[in-house]
2 protein chains.
Amino acid sequence: MENSEASPHRSGCPINLGLEVFGDKWSLLIVRDMMFSGKRHFREFLASEEGISTNILADRLAKLVEAGVLTRAGDPAHKLKAIYSLTEMGIELLPIVAEISRWSRKYQPVDPVMAATGEARDRGGPGAVAAQMEALRRVHLNGEI
Amino acid sequence: MENSEASPHRSGCPINLGLEVFGDKWSLLIVRDMMFSGKRHFREFLASEEGISTNILADRLAKLVEAGVLTRAGDPAHKLKAIYSLTEMGIELLPIVAEISRWSRKYQPVDPVMAATGEARDRGGPGAVAAQMEALRRVHLNGEI
DNA sequence: CTCCAATGATTGCATTTTGCAAGTGATTGC
DNA sequence: GCAATCACTTGCAAAATGCAATCATTGGAG
């Protein structure tokens, strides 16, 4: 948690720059948990089925906050509780997550239960993703974007 | 390059299963090079701006072939040359790549030159991705899917 | 008050992955 | 022949990851 802007990007290619932010096995799972399970607290992310460890989770949360995908705030009721929110930048990762879901449901041995939300989104047509993003904005962005 | 099917997936979640295939900093760059630069040979991937090293490239190509995203064949003209092709599964990664491109062009300091192809695709409307996939099928899948 | 469980982390250490340079064996061009 | 080119492989240092234990703070119970 120190360097503010020393980024020597590997290249200016859009695909590469995206992968530099979330191109690992954990970051998008955190985003997924915020989007589809309403998780906001450290302990909640820790409880996910994939079993992320505390140091990796702390590292990824810090990197996502630094990248501007999440914000971190103290819970007003519990000073110990940190509460994480998606930014507009984070909410706009939903189309990417939705396309990954669609690809995996077509080509990977997904759990039918876990595939249900994605299938419902597909049945909802093109507007479903936009509607889901609007719902996330109402929860994570208190009015202001 | 040995275990054929011992995969104890971290979970059956579609997002997770996708990330297990291409959730790293290099795999989607190889796919990108095949899609947008027409690269098919080891040396061509090696020449990309991001500077992948030979062992990582060999490892990723093997993993992508094993996952069914790519196929590997000997070049009939040059026995030394291996030629890699996208499968239908690989071609259908284009919507994911396109959404990553769109997100990065909105939120990351992309190189305007490299952003041009993505911008053109966006201007082409919803059919542009499908058309690009059709073009890839004609090059990579000789008739048969 | 004191104790104690719960919070979001940090630390130490073994294992795994990555990055880099050099080398390998099989072909091809001259 | 003989150097150049091809797709890799190998060795080794550095970085990232995984795991368990631990930390400091806080809020609540007694």
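Reminder, nothing fancy here: chain letters follow the sequence lines and each chain counts from 1. Treat the numbers as computed from the prediction; the structure is a model and nothing was measured.
Closest-nucleotide positions on DNA chain C for Arg10(A) and Leu61(A) were compared, and the one nearer the 5' end corresponds to Leu61(A).
Rounded to whole angstrom, the span from the NZ atom of Lys63(A) across to the P atom of dA15(D) amounts to 13 Å. The distance between atom CG of Leu29(B) and atom P of dG19(C), rounded to the nearest whole Å, is 11 Å. Distance His41(B) NE2 to dC6(D) P: 9 Å, rounded to the nearest Å. In this structure, Leu57(B) atom CG and dC6(D) atom P are separated by 14 Å, rounded to whole Å. Atom C1' of nucleotide dT5(D) and atom CD of Glu44(B) are separated by 14 Å, given to the nearest angstrom. In this entry the distance linking CG of Asp59(A) with P of dA16(D) reads 9 Å, nearest Å. Atom CG of Asp24(A) and atom P of dA16(D) are 12 Å apart (whole Å). At whole-Å resolution of the value, CG in Leu64(A) and P in dG8(C) are 16 Å apart.
Figure legend. dC30(C) is base-paired to dG1(D); pairs are counted as Watson-Crick or G-U wobble with both atom distances under 3.5 Å.
Legend: residues meeting salt bridge (charged side-chain N to carboxylate O under 4.0 Å, His left out) with Glu134(B), ordered by chain and number and at least two apart, are Arg137(B), Arg138(B). When the salt bridge (charged side-chain N to carboxylate O under 4.0 Å, His left out) test is applied to Arg121(A), no partner is found at least two apart in sequence or on another chain. Listed by chain and number, the residues in a ring-ring contact (aromatic ring centres under 6.0 Å, His included) with Phe22(A) are Trp103(B) (sequence neighbours excluded).
Residue Leu17(A) belongs to a hydrophobic cluster whose other members are Val110(B), with links defined by side-chain heavy atoms closer than 4.5 Å.
Within the structure, a side-chain polar atom (N or O) of Arg72(A) is placed less than 4.0 Å from OP1 or OP2 of dA9(C). Considering only side-chain N and O atoms, Arg60(A) lies under 4.0 angstrom from the phosphate OP1 or OP2 of dT17(D). Taking 4.0 angstrom as the limit, Trp26(B) places none of its side-chain polar atoms (N or O) nearer than this to OP1 or OP2 of dT18(C).
At distances below 3.5 Å, at least one donor-acceptor pair connects side-chain atoms of His41(A) with backbone N or O atoms of Ala82(A). The backbone N or O of Gly74(A) lies less than 3.5 Å from no partner atom in the side chain of Lys81(A), so there is not a single donor-acceptor pair.
The residue Tyr84(B) sits close only to the backbone: its heavy atoms come under 4.0 Å of sugar-phosphate atoms, none of a base.
Within residues 48-56 of chain B, the residues that place at least one heavy atom under 4.0 Å from DNA chain D are, in residue-number order, Thr54(B), Asn55(B).
The base of dA7(D) is paired with the side chain of Arg43(B) by a donor and an acceptor separated by under 3.5 Å.
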Pair up each side-chain donor or acceptor in residues 29-37 of chain A with any protein partner under 3.5 Å, not counting sequence neighbours, and list the distances.
unit_1   : atom_1 : unit_2   : atom_2 : d
Arg32(A) : NH1    : Glu50(A) : OE2    : 2.9
Arg32(A) : NH2    : Glu50(A) : OE1    : 2.9
Asp33(A) : OD2    : Ser48(A) : OG     : 2.4

